[in-house]
Every structure is written in structure tokens, then in C-alpha cells.
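The structure appears below as C-alpha cells.
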Amino acid sequence: LLAVVDRVSDRLRRGIGESLWAVRSSPPLEQVTTSSLQALRLYSQAIRIGDQEGDTHRAVDILKQAVGFDTNFAMAYRKLGIYLMNMGVHAASDDALMHAFRNRARLPEIERFNTAGSYFSSVFLYDSAITTYRAMLAIYPTDPRGLANLAAVYMDLTDFARAESLYRRALESDSSIALLYNHLATSQFHGGRYADATHTLEVRAKRFPRQQDDQLIEVGVAMMRDDYDGAQALTNRLLVDAGTDAGSRVEPLKILGTLALM
């Protein structure tokens with residue numbers, strides 16, 4: 001249906017004088033289930049900003065708008081829950097993932113797998129999450145979302161080598177997702193492979209705008225290498241860049257507090 005809508009809208013837009021270049025340059029909509037076209041547009045925008053550009057704070061705000069248009073939009077709730085979990089906002093994350101799980105019955109297969117797996121992970125049912133994602137990957141072996149979500153489970157289980165392998169597979173499937181580079185670098189960081197984490201962030205920086213999340217990994221690498229002055233200087237820059245945005249100031253302030261104690 002979405003493909004047909006895209007073709008029809010392309011013809012209509014060309015028919016009223018819009019250039020072919022402008023039509024082809026419009027980003028495609030994500031293929032997820034919702035009853036609201038406006039919610040779908042917002043979801044697609046959030047994925048582009050959160051995953052591809054790495055700005056998860058803005059993506060969260062947009063996803064909140066999306067679920068306002070469709071309160072049963074399971075995949076939007078799922079992604080909202082994942083972003084909030086990564087930001088450490090656990091109560092709101094749990095609520096969003098529960099909402100997604102309750103609406104999974106109306107979803108097609110691949111969305112249902114991802115929604116169930118994310119919920120199982122959030123309530124620490126790791127065996128169920130692993131079984132769900134493995135079943136999905138048996139059918140869709142190159143799905144980057146499923147690969148990354150299974151990797152996240154292994155991150156929770158501190159199996160960093162397996163998580164790194166899965167994140168690499170996800171990037172081989174789709175290298176246009178900035179967030180995957182952050183996740184890969186994080187798995188390498190926690191595995192003690194600081195040079196590899198730095199290299200991953202350098203590759204990311206060549207393709208995508210810098211964001212706070214990837215720079216926080218750099219701060220962690222500097223601290224693990226006993227470069228506390230360098231870590232403090234980078235964190236101070238992050239705090240300045242955050243301006244008056246409270247959400248963006250939290251992590252730099254926490255790190256500065258830790259550095260002061262050390």
C-alpha cells in the first residue's frame with residue numbers, strides 16, 4: 001500500500017509542476033503499521049533524526065507527537081521506549097515498551113518479533129528475548145533492527161564480544177544508521193578494546209554530524225586511559241554545547257561530578 005501511495009503521489013506532484021529532482025529527493029516513509037499518515041511521517045522523521053543522525057533527544061520529542069496521533073502505534077512506542085532506555089529514563093521507557101507490547105497482536109510478523117523482543121528485554125526475560133530475536137533472524141537474517149536488538153540483549157548480559165559481532169552484521173546490512181556506530185563503539189569500549197572503539201567513532205565522524213552520545217564514549221575512553229584533563233575538557237565543551245537544554249546537560253554534569261571526586 002505504501003509503495004502504491006508513493007507512486008501515485010509522485011505522479012500527482014510531477015503533474016502539478018514539482019521537479020523530478022525534488023520528488024526523488026524526498027526521504028521515503030518507514031514501513032511500519034499505523035492508522036495515521038501524520039504519525040507515520042513523524043515516526044519516519046524520528047528514525048532519520050535518531051538513528052541516522054544520532055540525535056535521540058530530538059527523536060524522543062517527535063515520537064511523543066507521533067503516538068499522540070495514533071495511540072495504538074506499537075512501533076513508535078517501541079522506539080520511544082528504546083531511546084528512553086538508552087537515555088536512562090527507565091520508568092518512561094518501561095511504560096512505552098509495555099504499551100507497544102499490548103498492541104503487538106495487530107502487527108505484521110517482523111514488527112511483532114521486534115516489539116516482543118524489546119519488551120522481554122525491558123523486563124529482564126533475556127532468554128525469551130534471545131529466542132524471539134533468533135526466531136526472527138532465522139526468517140529475516142539481515143534485518144538490522146533485529147540484529148541490533150539481539151546485540152543489545154547480549155550487552156545487558158555483558159557478552160560484549162557477541163554483541164560486537166551482531167552490531168557489525170547490522171552495519172554490514174545498513175551502514176546508513178549512525179546509532180549503530182555508537183552501539184558498536186560502546187560494545188568495544190566495555191570489552192576493553194579502546195583503540196577499536198576510537199576507530200569506530202572516527203569512521204562515524206566521517207559520515208555523520210557529531211552528537212553528544214558518541215562524544216560521551218570518547219570521554220569514557222579518555223578516562224580509561226587516565227587522561228582526566230582531556231576528559232574534563234571534552235565534557236566541558238559538551239556542557240557548553242548543551243546550552244540550557246536540561247536533558248542534554250545531565251550526562252556532562254554527572255561526568256564532571258565523577259571527575260571532581262576522582
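Residue numbers count from 1 along this sequence. Owing to the predicted nature of the structure, the values given are computational and were not obtained by experimental measurement.
Listed for the Arg48 side chain is no donor-acceptor partner under 3.5 Å among the backbone atoms of Tyr43. Judged purely by atom type and a 3.5 angstrom limit, Gln212 uses its side chain to pair as donor or acceptor with the backbone of Ser248. Under the 3.5 Å distance criterion, the side-chain polar atoms of Arg58 are left unmatched by any main-chain donor or acceptor of Gly50. Side-chain atoms of Tyr133 come within 3.5 Å of backbone N or O of Ser118 as a donor-acceptor pair. A donor-acceptor distance shorter than 3.5 angstrom exists from the side chain of Asp70 to the backbone of Ser35, with no hydrogens or angles considered. Although no hydrogens or angles enter the test, the distance criterion places no donor-acceptor pair under 3.5 Å between the side chain of Asn114 and the main chain of Glu111. Remark: side-chain polar atoms of Thr131 are paired, donor with acceptor, to backbone N or O of Asp127 under 3.5 angstrom.
Contact annotation: the side chain of Ile82 approaches that of Asn86 to within less than 4.5 Å [non-hydrogen atoms, C-beta and beyond]. Taking 4.5 Å as the limit, some side-chain heavy atom of Ile110 sits within range of a side-chain heavy atom of Met136. Within the 4.5 Å cutoff, side-chain heavy atoms of Met223 are placed close to those of Thr258. The closest side-chain heavy-atom distance from Leu107 to Asn103 is not below 4.5 Å. A 4.5 Å side-chain heavy-atom check between Ile130 and Leu157 finds at least one atom pair inside the cut-off. Using a 4.5 Å cut-off on side-chain heavy atoms (C-beta onward), Asp226 and Tyr228 make contact. Looking only at side-chain heavy atoms (C-beta outward), Lys79 and Asp51 come within less than 4.5 Å of each other.
In this model, a donor atom of one side chain and an acceptor atom of the other lie less than 3.5 Å apart for Thr200 and Gln188. If you check the side chains of Asp156 and Tyr154, you find no donor sitting under 3.5 Å from an acceptor. Side-chain contact annotation: Tyr167 with Asn182, donor-acceptor N/O pair under 3.5 Å absent. A donor atom on one side chain and an acceptor atom on the other are not found under 3.5 Å apart for Thr115 and Arg104. No hydrogens or angles considered: nothing links the side chains of Thr71 and Tyr77 as a donor-acceptor pair under 3.5 Å.
Of all heavy-atom pairs spanning Ala46 and Ala59, the tightest one is O-CB, 3.5 Å. Nearest approach of Val153 to Tyr126, heavy atoms of both residues: CG1-CD2, 3.9 Å. Shortest non-hydrogen contact noted between Thr132 and Gly117 is CG2-N, 3.8 Å. Residues Ala185 and Ala197 approach most closely at O-CB, 3.5 Å, considering heavy atoms. Closest approach of Phe113 to Ala135, counting heavy atoms only: CE2-CB, 3.9 Å. Summarising the geometry of Ala129 relative to Ser121, their closest heavy-atom pair is CB-OG, 3.4 Å, with the distance given to 0.1 Å.
Under a 4.0 Å N-O distance rule, the pair Glu172/Arg169 does not qualify as a salt bridge. Between Arg168 and Glu164 a salt bridge is recorded (basic side-chain N to carboxylate O distance below 4.0 Å).
The six-membered or imidazole ring of Phe208 lies near that of Tyr181, with a centre-to-centre distance under 6.0 Å. A distance of 6.0 Å or more separates the ring centres of Phe160 and Phe189.
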* Asked: Is there a side-chain contact (heavy atoms from CB on, under 4.5 Å) between Glu218 and Thr198 once you walk through the steps?
  -> CA-CA 7 Å; Glu218 291 181 6; Thr198 299; over 6 Å; no
* What do the steps show when you test Glu251 against Lys254 for salt bridge (charged side-chain N to carboxylate O under 4.0 Å, His left out), and what is the final call? -> CA-CA 5 Å; Glu251 289 303 320; Lys254 286 165 62 177; 3.1 Å; yes
* Worked check of side-chain contact (heavy atoms from CB on, under 4.5 Å) between Leu184 and Arg204 -> CA-CA 10 Å; Leu184 175 59; Arg204 181 200 185 283; over 6 Å; no
* To do: Walk me through it: do Leu179 and Thr56 pass the test side-chain contact (heavy atoms from CB on, under 4.5 Å)?
  => CA-CA 9 Å; Leu179 204 58; Thr56 54; 4.1 Å; yes
* Asked: Where do Gln232 and Asn236 land on the side-chain contact (heavy atoms from CB on, under 4.5 Å) test, with the steps shown first?
  -> CA-CA 6 Å; Gln232 182 159 348; Asn236 279 325; 3.6 Å; yes
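For the atom pair Leu84 CG and His57 NE2, the distance stands at 10.0 Å (nearest 0.5 Å). Here the straight-line distance linking atom CG of Asp143 with atom CG of Leu150 works out to 11.5 Å at 0.5 Å rounding. Note that CG of Asp61 is 11.5 Å distant from CG of Leu42, once rounded to the nearest 0.5 Å. Here CG of Leu180 is found 4.5 Å from CG of Leu171. Values are rounded to the nearest 0.5 Å.
When each of His90, Met98, Met85, Arg78 is tested with Ser122 by the rule side chain to side chain contact (heavy atoms under 4.5 Å, CB included), just one qualifies, namely Met85.
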